[in-house]
Chemist: 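Provided herewith is a single structure, encoded as structure tokens, for subsequent inquiry.
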Amino acid sequence: MAWNHAPIYKAAISAFLLLGCALPALAQTNRIAPPVPVARQAQSVQPPVAPLAPAPSPPREWTGEDGSSGHPLMKASAIRAAAANFESCVAGLYPLAAKRGVTRASFDKYTKDLTPDLRIMDLVDAQPEFTKAFWDYLDILVNDARVQNGLEMLAKHKATFDKVEKAYGVDRQIITAIWGVESNYGTLGGDRPVLRSTATLACIGRRQAYFRDEFLSALEILHRGDVRPEQLKGSWAGAFGPTQFMPTSFKRFAVDFDGDGRRDVVDSSADMIASTANNLKKDGWVSGSTWGYEVIIPKGFNYLQADRSHQKTMAEWQSLGIKRPGGKSFPRPDDRGYLLVPAGNQGPGFLMLHNFRVLMKYNPAEAYALAIGHLSDRFRGGGAIEQPWPRHEPVLSRDERRELQELLLSKGFDGGTPTGRLGPKARAAVRDYQASIGLVPDGFATATILARLRR
Ligand code: CA
């Protein structure tokens, strides 16, 4: 789980789950999502996930090459030097562990046989080609099987959900949707020992300070006995359990709901469900409200208002001609939200309420957060997203997206550092450019826009 300290890793972790396990055919390792170095990059419209193509099994060994980030700590020579120093680096973390109440005996027990997992260095610095569209992620994450399996989980754990809803005010459908999107109900989670992964990242590579806290938190979990070492396995970035807690998130949010004295978010469904609810509650979940709505945008609408900075009440949006499909009403007209139009005026719009922002703390990629919200609606009997997506639109490659950002910049529209990831800032720059040449300013970066910029 991502939340306040780890949001940039969330999309990477979800992608890992999808790639590594949920859809083995997708497991093309050079497409596995990297954790991204700039905090908000993970909010790009298109979270990094592999294309639908057969692929060989991922290699288990480090390539031995320089990381593609070009960071000095990711040079092969620097990685080798840090790996040679791994044992003493880990040993040197004892004083920090002791401050957290980890005893010498525990520290020695859990660290004495640790070796670095250098394969992670390739994953940290992977430069995936993002070749999937927003709608492709939704198709993968929300499908009939996942809806059906979720309904079975809701029935099976009804008694627990009754108690958790009462205790935390977070509805069962959203918890189940997180469970489904993050790990396909615990069936996919990665098998890397969390302590080894976080120790590797704490001592080697460009994210050491961040992962030192994760490593020390993982040690605390083991020392306290909340989760046993053989259970503490997960993604290469250290997320574990069916709802993918990072160790630091575990520390903040995990609860012992079944009363056995351990906060076991891996094998106790009561602890896992309640801890996930507690996470959302602490992140500001509004009880009784939903995440958002699919909406129809009228012809001639001013798309410059489709931006996070434009918060309006549902009633105000309605007065601008925004409607829900099928003539449905907005049950709470005073709720405020912003308009997200991920595929421009050719695709559906979404009004995003406060709870969508809470989901974005859980998983900072818009497509993933929307998948969680939409899946929760499906559990309530809702149907598929009603308006079509512009599936005919070719998806820009990473190089093309970078070029688009560079061209925008050269024309005076700042869409952020040209990284090839298109987030809200790039969308705003595309909108401004479209407006300047008399096109509908919907912010959707298409091949047509790129061709126009190249002229
Ligand atoms: Ca427990």
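Note that the structure is a prediction, hence the values are computed from the model and not measured. Both counts, for ligands and for their atoms, begin at 1 and track the order of listing.
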Chemist: Starting from the Ca ion (ligand 1), look over the N/O/S atoms of D271 and name the nearest one.
Modeler: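 Going through the N, O and S atoms of D271 one by one, OD2 ends up nearest to the Ca ion (ligand 1).
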Chemist: With respect to the Ca ion (ligand 1), please indicate if D258 possesses an N, O or S atom at a distance under 3.0 Å.
Modeler: yes
Chemist: Once you round to the nearest 0.5 Å, how far does CH2 of W317 lie from NZ of K312?
Modeler: 5.0 Å
Chemist: So does D162 pair up with K166, basic N to acidic O under 4.0 Å?
Modeler: no
Chemist: Is the distance from the Ca ion (ligand 1) to the nearest N/O/S atom of R262 under 3.0 Å?
Modeler: yes
Chemist: Have a look at D256 and say which of its N, O or S atoms is nearest the Ca ion (ligand 1).
Modeler: OD1
Chemist: Let me know which of L154, D171, I174 forms a side chain to side chain contact (heavy atoms under 4.5 Å, CB included) with F379.
Modeler: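 The passing option is L154.
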Chemist: Got Y185 and R146 here, is their nearest side-chain heavy-atom distance under 4.5 Å?
Modeler: yes
Chemist: Given W291, which of V286, L359, I372, V358 fulfils the side chain to side chain contact (heavy atoms under 4.5 Å, CB included) condition?
Modeler: L359
Chemist: Of all the N, O or S atoms in D260, which one sits nearest to the Ca ion (ligand 1)?
Modeler: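 Closest N, O or S atom of D260 to the Ca ion (ligand 1): OD1.
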